[in-house]
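Okay, structure first, notes after.
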Amino acid sequence: MPVYEFKCNKCGLLFSKIRKIGEFNSPECPDCGSNLTEKVFSLFSGTKTGGSCSPSGGG
Ligand SMILES: [Zn+2]
C-alpha cells in the first residue's frame, strides 16, 4: 500500500499515513489532531533538479 507523508500546518509535525486508492482527504494530525494537514513529497531526498540525471554517483 502506498504511504504518503503529510505535514501539519498547525504544529509542523511530519508524519506518514497509508492512503488507499482514491483517498485524497487529509488525515488528522496524530500530535495535535488538527485537520490542517497537507501532503508532502519527500520520497527523493536531496535537491530537486529540472529533469536532469547527474552522471556522478555509484549505481
Ligand atoms: Zn499537528
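Both ligands and their constituent atoms are indexed starting at 1 by order of listing.
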Tell me, do Asn9 and Thr37 make a side-chain contact under 4.5 Å, heavy atoms counted?
no

Just wondering, do Cys29 and Cys11 contact through their side chains at under 4.5 Å, heavy atoms?
yes

Sequence neighbours excluded, which residues qualify as side-chain contact (heavy atoms from CB on, under 4.5 Å) partners of Asn35?
Glu28

What is the distance from atom NZ of Lys7 to atom NZ of Lys39, rounded to the nearest 0.5 Å?
15.5 Å

Rounded to the nearest 0.5 Å, what's the gap from OG on Ser26 to NZ on Lys17? Could you check?
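Answer for the OG-NZ pair, Ser26 versus Lys17, is 11.5 Å.
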
Determine the minimum heavy-atom distance between Phe15 and Pro27, stating which atoms define it.
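Heavy-atom minimum between the residues: CE1-CG, 3.8 Å.
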
With 2.8 Å as the threshold, which protein atoms of type N, O or S lie near the Zn ion (ligand 1)? Leave waters out.
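The answer is Cys8 SG, Cys11 SG, Cys29 SG, Cys32 SG.
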
